[in-house]
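Take a look at the structure below.
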Amino acid sequence: MECQGTSNRVARFEKVRFELFQSAVISARIHLLTYGDKDISSPSDAMSSLINLKLPERSTSKSAGYDFYSPFDFTLESGKSFVVPTGVCCDINEGWVLIVAPRSGLGFKYRVSLDNTVGVIDGDYFGAENNQIFLKLHNGSDKTIRISKGDRFAQGLFLPYGLTVDDKCLRTREGGLGSTGA
């Protein structure tokens with residue numbers, strides 16, 4: 001079965017600029033080394049990780065969610081959180097939003113959640129200087145979780161959104177993550 005027609009095509013995933021990804025991988029490596037995880041890709045492997053990174057895609061023709069793939073190996077200890085730089089940005093049509101959550105199996109088996117409960121990626125985030133999608137995972141279980149490079153760990157859904165009839169907002173985004181306020 002082929003994918004649905006073009007009328008519901010509302011976005012395009014892309015890889016971020018190498019400099020953004022490399023900086024994020026270095027920060028992630030420092031965080032993971034603090035917790036003793038020696039298996040994460042070294043900063044020199046960042047280019048290879050980004051080149052070989054698989055962009056989010058649906059697993060089946062009837063899947064609503066686009067699976068995000070881990071750009072490197074990491075371990076998530078019980079009760080700990082970790083920010084995953086996905087290496088991905090998304091150009092989203094006006095009137096649509098990308099909602100991101102952990103894959104259902106990770107939540108069900110390991111109580112993995114996002115620290116901000118749900119990821120909301122606005123269309124104007126794509127135009128920000130640092131437009132990389134970051135996901136802060138939290139392990140709420142009593143088990144250690146191992147995510148390998150290339151594993152599907154999160155999923156994104158595109159949803160339409162509405163505006164109030166008296167909406168007058170004309171402000172535009174000036175930065176990346178958290179730039180519109182706390």
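Positions are given from 1 along the sequence. Side chains included, hydrogens not; waters and symmetry mates left out as well; all remaining heavy atoms used. Note that the structure is predicted; figures quoted are calculated from it, not measured.
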Any donor-acceptor pair under 3.5 Å from Lys54 side chain to Gly150 backbone: no

Do the side-chain N and O atoms of Arg146 and Thr75 include a donor-acceptor pair separated by under 3.5 angstrom? yes

Indicate yes or no: at least one non-hydrogen side-chain atom of Ile26 is less than 4.5 angstrom from one of Ser23. no

Nearest heavy-atom pair of Glu77 and Thr144: which atoms, and what distance? OE1-OG1, 3.1 Å

Any idea which heavy atoms bring Ala24 and Pro85 closest together, and the distance? CB-CB, 3.4 Å

Measure the shortest side-chain to side-chain distance between Cys89 and Arg17 over non-hydrogen atoms and say whether it is less than 4.5 angstrom. no

Distance alone, cut at 3.5 Å: any donor-acceptor contact between the side chains of Arg152 and Ser59? yes

Within the structure provided, determine whether Val100 and Val118 are in side-chain contact (heavy-atom separation under 4.5 Å). no

Do the side chains of Val84 and Pro71 get nearer than 4.5 Å, heavy atoms only? yes

Please report the C-alpha distance between Ile133 and Phe68 in whole Å, then the side-chain angles of each, then the deciding distance to 0.1 Å, and finally whether the side-chain contact (heavy atoms from CB on, under 4.5 Å) criterion is met. CA-CA 10 Å; Ile133 296 171; Phe68 279 73; 4.3 Å; yes

May I ask you to decide whether Arg103 forms a salt bridge with Asp67, counting only side-chain N to carboxylate O separations under 4.0 Å? yes

Please examine the side chains of Asn139 and Leu137, heavy atoms only from C-beta on, and report whether any two atoms are closer than 4.5 Å. no

Heavy-atom side-chain proximity of Asp166 to Lys168 below 4.5 angstrom: yes

Can Phe74 be reached from Val83 by stepping across I, L, V, M, F, W or Y side chains whose heavy atoms are under 4.5 Å apart? yes

Mind checking whether Val120 and Val97 have side chains closer than 4.5 Å, heavy atoms only? yes

Got a second to check how far Lys143's NZ is from Lys109's NZ, nearest 0.5 Å? 9.5 Å

Rounded to the nearest 0.5 Å, the OG1 atom of Thr86 sits from the CG atom of Leu53 at a distance of 7.5 Å

Between Arg58 and Ser63, is there a donor-acceptor pair closer than 3.5 Å when you use the side chain of the first and the backbone of the second? yes

Is it true that a side-chain atom of Asp122 and a backbone atom of Asp124 form a donor plus acceptor pair closer than 3.5 Å? no

Heavy atoms of Ile92 and Gly123 approach each other most closely as CB-CA, 4.0 Å

Please report the interatomic distance CG(Leu98) to CD(Gln155), rounded to the nearest 0.5 Å. 11.0 Å

Short question: side chain of Asp151, backbone of Ser148 - any donor-acceptor pair under 3.5 Å? yes

Distance check, rounded to the nearest 0.5 Å: Leu20 atom CG versus Gln22 atom CD? 10.5 Å

Contact summary for His138 and Gly79, nearest pair of heavy atoms: CE1-O, 3.3 Å

Roughly how far, to the nearest 0.5 Å, is the OH atom of Tyr125 from the SG atom of Cys90? 11.5 Å

Chi angles and distances behind the salt bridge (Lys or Arg N to Asp or Glu O under 4.0 Å) call for Arg12, Asp91: CA-CA 5 Å; Arg12 180 183 70 250; Asp91 189 3; 3.3 Å; yes

Any luck finding a side-chain donor-acceptor pair between Asp115 and Ser81 under 3.5 Å? yes

Check: Ser78 side chain, Ser141 main-chain N or O, donor-acceptor pair, under 3.5 Å: yes

For the residue pair Phe82 and Phe72, does the interplanar ring angle fall in the parallel (under 30°), tilted (30 to 60°) or perpendicular (over 60°) class? perpendicular

Would you please test Lys149 and Tyr69 for side-chain contact (heavy atoms from CB on, under 4.5 Å) and show each step? CA-CA 7 Å; Lys149 181 178 181 174; Tyr69 299 88; over 6 Å; no

Can you tell me how far NZ of Lys80 sits from CD1 of Ile145, rounded to the nearest 0.5 angstrom? 13.5 Å

Are any side-chain N or O atoms of Lys15 and backbone N or O atoms of Leu55, one a donor and one an acceptor, separated by less than 3.5 Å? no

Can you name the nearest heavy-atom pair linking Gly87 to Phe21, along with the distance? CA-CD1, 3.5 Å

Tell me if the CD atom of Glu94 is crowded by more than 12 foreign heavy atoms within 6.0 Å. no

Please test Phe13 against Tyr66 for ring-ring contact (aromatic ring centres under 6.0 Å, His included), starting from the C-alpha separation and ending with a verdict. CA-CA 10 Å; Phe13 288 109; Tyr66 281 79; 5.7 Å; yes

